[in-house]
Amino acid sequence: MRFSWWLENSEESFLGEILKSAENPNLISFAGGFPAPELFPVDDLKAAFNEVLTHDNAYALQYGDAAGYFNLREWISKQHTRHGQRLTPEDVVITTGSQQGLNLVAQALLDPGDIIFVETPTYIGALQAFQMYRPRIMMVPSDIEGILPDELEKMLQKHNPKFLYLIPNYQNPTGKIMGKERRNELIAVASKYELCIVEDNPYGELRFEGEPQPNLLDLSENVIYLGTFSKVLAPGLRVGYIIGDPKVIEFVTRVKEAVDLHSNNLTQRAVYQYLQRNLLPSHIAKLRTIYKSRRDAMVQALHRYLEGEVEIIVPSGGMFLWAKFTGIKDSFKYLEDTIRQNVIYVPGAVFYPDHRISSEMRLNFSCSPPEVIDEGIRRLAQAVRKKY
Ligand SMILES: Cc1ncc(COP(=O)(O)O)c(C=O)c1O
């Protein structure tokens with residue numbers, strides 16, 4: 001059997017391995033990017049599916065439009081603006097999660113050898129989606145607010161990327177958020193060089209403190225925006241969306257038709273039913289409160305058990321905390337010991353496309369209650385201390 005270039009040349013997924021080990025019931029996993037399952041709005045979703053299957057079954061179980069269920073696209077378009085103007089359903093295509101959004105955008109835009117720019121570090125799933133189309137991935141230096149506009153400009157003077165991919169809100173893996181001024185500076189540089197930005201925003205609604213920031217979509221025509229219901233509702237639904245100008249949407253829809261005809265019709269309609277009942281705002285408010293208490297528990301535990309041994313960035317939203325070991329250069333080093341102590345994190349190196357050595361790690365706090373977080377960090381400290 002001869003497999004594709006991409007499969008022959010890609011490494012086995014480290015995250016896949018980690019997720020397999022997370023099946024051990026005694027393991028405390030800070031590795032996944034999972035929302036808390038006990039917070040899924042199961043009864044409301046049951047009611048929504050029931051409503052659709054009772055009253056809308058002929059459409060819900062039939063083939064549908066490649067761009068997605070019109071009412072859902074309309075609902076999404078009303079939530080977003082560009083230069084302050086409301087969008088229309090024609091600006092939206094529904095995707096099977098934003099992971100498919102990443103793939104479709106890459107498929108629609110990239111030819112082998114094209115350059116793309118990404119933040120340093122960035123979401124590993126985006127790198128996987130892009131790598132399939134064989135681009136040259138270049139990292140733009142970043143600080144605590146994300147991409148540095150001056151560094152971006154320097155790179156744009158030398159290279160002509162197809163797009164820049166970034167996660168401005170509660171970034172995966174670092175939890176960082178980009179302030180308003182930085183957003184404006186970034187858009188100014190991007191406009192000067194006619195750079196297309198792919199803005200991925202799964203975590204923006206999970207804000208614990210601070211003012212909401214404007215979407216880059218609102219600030220420029222040259223932005224393709226990826227949204228999802230995975231983190232605010234449930235990832236198993238696999239409902240996400242792409243917003244772009246009508247030309248982008250037309251092309252992406254053409255690609256999507258070839259990939260899967262359309263996303264799951266029943267689920268799109270059930271999500272719309274749920275949204276129609278105006279249940280999302282109170283659900284998000286609940287997620288914010290609970291995830292904030294979990295973030296606090298993790299910060300406290302890191303201070304209690306690992307003071308001086310890690311430097312942390314305290315996120316103001318999202319699901320992840322980024323920490324750096326001060327005593328070692330490579331955070332892979334502790335992993336065997338931590339797994340033996342039944343606790344796991346993701347080593348920072350996997351989020352850098354150049355696989356540099358990194359002393360950082362990503363810790364997920366959304367998926368464990370405070371007492372489990374405390375115990376997990378205690379175990380982590382035990383594994384780490386053994387090394388000294
Ligand atoms: C930054 C980022 N983009 C996209 C995704 C994919 O999300 P979805 O479940 O919508 O496919 C994730 C999931 O963790 C993510 O962290």
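Read the numbers this way: they start at 1 and go in the same order the structure lists the ligands and their atoms. Just the heavy atoms: all of them, side chains too, but no hydrogens, waters or symmetry mates, feed the values below.
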Asks: What is the ring orientation for Phe351 with Trp322, classed by angle as parallel under 30°, tilted 30 to 60°, or perpendicular over 60°?
Replies: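 Ring orientation, 0 to 90° scale: perpendicular.
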
Asks: Taking the side chain as every heavy atom from C-beta outward, state whether Arg294 and Ser366 have any pair of such atoms under 4.5 Å apart.
Replies: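 SC-SC contact between Arg294 and Ser366 ruled out.
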
Asks: Which residue owns the protein heavy atom closest to atom 16 (O) of ligand 1, what's the atom, and how far is it?
Replies: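 Among all protein heavy atoms, the one nearest atom 16 (O) of ligand 1 is Tyr203 OH, 2.6 Å.
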
Asks: Mark up the atoms of ligand 1 that fall under 4.0 Å of a heavy atom belonging to Gln99, in ascending order.
Replies: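 Checking each atom against Gln99, I get 6 (C), 8 (P), 11 (O).
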
Asks: Under 4.0 Å from a heavy atom of Ser230: which atoms of ligand 1 are those, numbered in the order shown and with their elements?
Replies: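 The atoms of ligand 1 under 4.0 Å from a heavy atom of Ser230 are 8 (P), 9 (O), 10 (O).
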
Asks: Cut-off 3.5 Å, side chains only: do Glu51 and Thr54 have a donor facing an acceptor?
Replies: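 Thr54 and Glu51 do not have a side-chain donor-acceptor pair below 3.5 Å.
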
Asks: Distance to the ring centre below 6.0 angstrom and angle to the axis at most 45 degrees; does that hold for Arg134 and Trp5?
Replies: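 Because its charged atom sits under 6.0 Å from the ring centre and within 45° of the axis, Arg134 does stack over Trp5.
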
Asks: Go through the side-chain N and O atoms of Asp218 and Thr81 and say whether any donor and acceptor fall under 3.5 Å apart.
Replies: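 Looking only at side-chain atoms, Thr81 and Asp218 do form a donor-acceptor pair, the distance falling under 3.5 Å.
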
Asks: Relative to the heavy atoms of Arg238, which atoms of ligand 1 are at a distance of less than 4.0 Å?
Replies: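 Heavy-atom distances to Arg238 below 4.0 Å select 8 (P), 9 (O), 11 (O).
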
Asks: Determine whether the side chain, the backbone, both or neither of Gln171 has a heavy atom under 4.0 Å from any heavy atom of ligand 1.
Replies: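 Neither; no heavy atom under 4.0 Å.
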
Asks: Atom 1 (C) of ligand 1: which protein heavy atom is closest, and how many Å away?
Replies: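 Checking every protein heavy atom, the shortest distance to atom 1 (C) of ligand 1 gives Asp200 OD2, 3.3 Å.
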
Asks: Less than 3.5 Å between some nitrogen or oxygen of Thr228 and one of ligand 1, yes or no?
Replies: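 Yes.
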
Asks: If you define the side chain from C-beta out and look only at heavy atoms, does anything of Leu109 sit under 4.5 Å from Ile224?
Replies: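 A side-chain contact exists here, since the closest heavy-atom pair is under 4.5 Å.
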
Asks: Under 4.0 Å from a heavy atom of Lys231: which atoms of ligand 1 are those, numbered in the order shown and with their elements?
Replies: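 It comes down to these atoms of ligand 1: 13 (C), 14 (O).
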
Asks: Which of the atoms of ligand 1 are close to Gly97, meaning less than 4.0 Å from one of its heavy atoms?
Replies: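 In order of numbering, the contacting atoms are 10 (O), 11 (O).
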
Asks: Tell me: protein heavy atom nearest atom 5 (C) of ligand 1, and distance?
Replies: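 The protein heavy atom lying closest is Tyr123 OH, 3.5 Å.
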
Asks: Quick one: does NZ or CZ of Arg378 land under 6.0 Å from the six-membered ring centre of Tyr305, within 45 degrees of the ring axis?
Replies: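 So Arg378 doesn't make the cation-pi contact.
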
Asks: Of all the atoms in ligand 1, which lie at a distance below 4.0 Å from a heavy atom belonging to Pro202?
Replies: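 Taking each heavy atom of Pro202 in turn, ligand 1 has 1 (C), 2 (C), 3 (N), 15 (C) under 4.0 Å.
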
Asks: Give me the residue, atom name and distance of the protein heavy atom closest to atom 7 (O) of ligand 1.
Replies: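 Protein heavy atom with the smallest distance to atom 7 (O) of ligand 1: Ser98 OG, 3.3 Å.
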
Asks: Parallel, tilted or perpendicular: which describes the rings of Phe208 and Tyr170, with under 30° parallel and over 60° perpendicular?
Replies: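 Phe208 vs Tyr170 ring planes: parallel.
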
Asks: Give the atom numbers and elements of ligand 1 that come within less than 4.0 Å of a heavy atom of Ile167.
Replies: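 Heavy-atom distances to Ile167 below 4.0 Å select 1 (C).
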
Asks: Side chains of Leu186 and Met178: closer than 4.5 Å at any heavy-atom pair?
Replies: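 Counting from C-beta outward, Leu186 and Met178 do come under 4.5 Å.
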
Asks: What part of Phe229, side chain from CB on, backbone N/CA/C/O, both or neither, has a heavy atom under 4.0 Å from ligand 1?
Replies: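 Answer for Phe229: neither.
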
